[in-house]
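Bear in mind the structure is a predicted one, so any value in this text is a computation, not a measurement. Lettering of chains follows the sequences in order, A, B, ..., and the numbering in each one begins at 1.
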Amino acid sequence: MADIIFAGFGGQGILTAGKILIDVAAQHGKNICWTSSYGAAMRGGTASCSIIISDEEIGSPYPEKLDILLAMNEPSYHKFIGDVKEGGYAIVNGSLMGGDVEYPADVNVYSVDATDIANSLGNGRAANLVMLGAMMKATGLMDVDTFGTSLNDYFEKKGRNTPANLECYKLGIEKAVKK
Amino acid sequence: MSADYVLMKGNEAIAEAALRAGCRFYAGYPITPQSEILEYMSVNMEKRGGTFIQGENEIASMSMLFGASAAGARVMSSSSGPGFDLKQEEISYLTSNNLPAVLVNSMRYGTGDGEITPGQDSYWVSTRGGGHGDKRLIVLAPASVNECAELTYLAFDLAEKYRNVVEILTDGAISQMIEKCTLPPAKEHDIDKFDWTLTGKPLGVKKNKMNNLTNIIGHPAYSEMMLNKFKTMFSEEQRWESVMTDDAELILVAYGISSRVCKTAVREARAAGIKLGLIRPITVWPFPRKAFENLPESVKGFVTVEMSISSQMGEDIMMAARNSKPLYGCLTNVNIPKAKEIVDFCLDVLAGKVEPMEVI
Amino acid sequence: MPVYKTPKSIIAPSGCCGGCGHGIIQRLIAESIEELGLQDQVIACVDIACSEWSLDCLDYDHIAGPHGRIASVATGIKKVRPDKTVYALAGDGSSYVIGWTETTYAAVRDIPITMIVVNNGIFGMTGGQMNLATTLIGDKTVSSKAGRRRETMGHPVDMLQAIKTFDVEFAARGALYDTKHIDETKRFIKKGFENQRDNKGFSIIEVLSPCPTNWKLDPVDAMEKIKNENEKVFPVGVYTDRGGNK
């Protein structure tokens with residue numbers, strides 16, 4: 001059971017990262033619900049999606065308190081960090097966070113330089129996969145290797161995979177550090 | 001949930017289920033938050049041998065639908081808020097000719113242009129609307145993506161069974177969310193199945209003249225036929241889900257997105273020892289009055305949870321409960337209700353801090 | 001010497017007012033259909049108002065649509081039953097005023113139906129109100145009692161001039177004020193059905209038709225008015241004929 005929000009700029013692959021997560025979770029027998037802001041909100045430059053993963057029937061699709069926040073830029077972090085439960089997780093994109101952010105003591109914050117790592121592999125659009133790697137390592141939501149295989153399958157099914165995708169994911173696992 | 005699922009948005013599930021039900025004619029006009037239905041049809045309808053038309057407006061789209069239905073096809077259109085208003089003219093015409101059609105109304109909140117975000121304030125236009133004259137639409141209100149598919153599939157059979165318009169009343173939240181969904185099997189519909197359709201018959205063979213049925217069969221035959229139909233639909237088609245009503249002190253009444261939050265509220269309240277129950281109408285017309293029969297003595301009142309300014313469902317609840325217990329309104333208008341707010345509201349009701357709502 | 005036979009499709013008199021053009025138009029439709037051998041596969045769409053009377057007169061499957069939407073209704077039917085002969089019969093209020101959008105987009109989509117528009121310059125069924133598209137400047141109606149004034153009521157407009165730019169198969173205007181023009185009108189209507197038979201595209205035939213009742217003229221004077229006044233604003237003839245070359 002996890003209540004999750006992914007947030008960032010439009011174009012960072014926020015919604016896709018969410019769809020990968022629900023795809024894999026659903027394959028592992030979980031109930032899932034994904035929803036995003038739509039319409040005019042899409043054009044504001046920010047993107048977010050809410051995800052609920054559960055063994056039970058899912059009620060409201062809009063989580064009230066978060067187990068996990070995945071924030072791909074600083075504004076998204078500030079917008080949602082107050083909603084994270086005590087003992088919950090926040091995964092931040094170190095590449096786009098200022099150095100002076102004070103992280104809360106009661107939330108497990110992990111940082112990974114997702115944008116820089118993805119760019120260094122020439123796969124700039126896969127910063128979201130670096131974040132997913134960091135998230136799996138931090139939260140243990142799913143087995144990291146199983147999720148990696150499933151993530152790779154996801155892109156294979158879509159017919160647009162590149163080896164750099166899995167590599168980005170793995171670097172996310174490797175490079176994520178607890179703040 | 002069967003292992004054989006797909007992940008889809010509510011809108012996509014509606015569109016795919018319609019195609020699987022043999023819908024081969026769709027005409028519509030874009031409007032948020034239901035445009036994925038139109039987009040899905042634009043990609044998939046021709047592959048199934050049907051017709052997709054992006055109409056110049058809602059009225060034209062509905063008039064095409066009217067013609068296509070008269071010609072025997074299974075037909076669908078979809079819209080929201082101001083767009084759905086424009087469909088009223090042809091709903092009346094479809095009714096006056098006893099023609100089946102399936103319409104989707106994905107509610108966005110507000111009056112006029114309103115918002116594009118989810119709402120539940122098109123309950124009246126759906127359950128009371130349908131243009132001028134006497135008419136009743138069967139209105140199905142899915143609360144999950146799976147139910148979007150299930151009820152859309154059913155809608156085509158009901159539309160045909162009663163030769164009536166059936167509406168899928170969803171909202172921006174249900175339409176836009178992705179969940180697991182088990183799709184029904186694909187079937188084909190035979191456009192020559194019925195003898196009342198326009199087929200282009202040889203001279204001398206009895207023709208179908210589709211005009212107001214009042215002109216064709218006259219009064220009072222028309223009125224009697226329609227009244228019988230309304231009564232049969234009312235008694236035969238009530239659908240609902242009851243959750244923990246057997247020993248409830250307060251019963252929440254909610255459909256669509258609100259009903260999902262209410263389920264969470266019931267679960268959380270029960271964990272804290274508060275006896276909440278839920279009646280979730282699956283048909284909002286006919287309103288499930290049967291769900292309110294034989295409720296336990298423990299029930300002290302009903303709480304309607306709706307995203308509207310007025311309680312649009314309130315009258316139906318009072319009528320179903322025969323005014324026997326007080327009704328309280330947890331009305332969140334533009335906001336999606338939160339489980340904790342609902343539980344807190346119910347605690348206040350039980351503590352006597354909330355006045356019963358007068359339905360206006 | 002020609003032998004006049006009543007088309008078998010006509011099963012009842014038109015029921016229109018004396019001197020009305022609708023009955024002639026219905027007959028031209030029936031004759032055209034039978035001469036082309038299409039009478040066993042027709043679906044007729046008629047608009048609300050005087051066009052609706054033909055529902056009882058012609059032995060075809062019929063549907064009466066919402067006022068102004070008949071081109072859309074016909075579109076829906078033709079899409080479901082593309083091998084049938086689908087025609088739309090409507091007035092000028094329906095086709096050019098309240099339903100101008102629907103007429104326009106049926107034309108733009110090039111739906112291979114035959115649309116017949118009765119231009120009588122007035123709202124007949126509702127008691128003779130002004131028609132925004134076709135009532136002439138100065139014509140007196142019950143909603144322009146002192147005569148139509150350009151300054152406050154706009155001016156009549158030749159919609160076929162617009163339609164011919166939509167790249168349709170065929171657009172033509174006929175008139176009913178003498179036998180020569182009735183014959184010409186029939187050729188246009190028949191051409192419209194031929195085009196549909198050959199799946200060529202959208203055909204529209206407008207007919208200048210008298211409404212003696214609401215014009216408050218006797219039938220002969222009504223025909224004279226068309227010849228001397230209406231035809232000057234709405235010239236008869238072929239506006240476009242694509243000849244099947246899409």
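Evaluation of the ring pair (Phe, Tyr, Trp, His ring centres under 6.0 Å) test over residues 79-135 of chain A, restricted to residues two or more places apart or in two chains, returns Y77(A)-Y103(A).
Proximity to chain A among residues 249-263 of chain B is limited to I257(B), R260(B), V261(B), K263(B), judged by heavy-atom separations below 4.5 angstrom.
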*Would you please test S150(A) and D23(A) for side chain to side chain donor-acceptor pair (under 3.5 Å) and show each step?*
CA-CA 9 Å; S150(A) 302; D23(A) 192 78; over 6 Å; no
*Take K340(B) and D344(B) through the salt bridge (charged side-chain N to carboxylate O under 4.0 Å, His left out) test and state the conclusion after the steps.*
CA-CA 6 Å; K340(B) 185 170 183 312; D344(B) 288 348; 3.0 Å; yes
*Let me see the working for S54(A) and N31(A) under side chain to side chain donor-acceptor pair (under 3.5 Å), right down to the final yes or no.*
CA-CA 5 Å; S54(A) 178; N31(A) 289 325; 5.7 Å; no
*Begin from the C-alpha positions of E167(B) and K87(B) and carry the test salt bridge (charged side-chain N to carboxylate O under 4.0 Å, His left out) through to its verdict.*
CA-CA 12 Å; E167(B) 180 181 324; K87(B) 294 187 182 295; over 6 Å; no
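More than 12 heavy atoms of other shown residues, nucleotides or ligands fall within 6.0 angstrom of atom CZ in R239(B). Counted within 6.0 Å of NZ on K178(A), heavy atoms from surrounding residues, nucleotides or ligands total more than 12; the atom is thus considered enclosed.
For the options I336(B), I178(B), T264(B), heavy-atom pairs under 4.5 Å to chain A are most numerous at I178(B). Looking only at heavy-atom pairs under 4.5 Å with chain B, the residue among T35(A), I32(A), I52(A) that has the most is I32(A).
Within the 4.5 angstrom heavy-atom criterion, atoms from both the backbone and the side chain of E57(A) approach chain B. Only the backbone of K30(A) comes within contact range of chain B, with at least one heavy atom under 4.5 Å from a heavy atom of that chain.
Put simply, the side chain of D143(A) gets close to the backbone of T146(A): a donor and an acceptor are under 3.5 Å apart.
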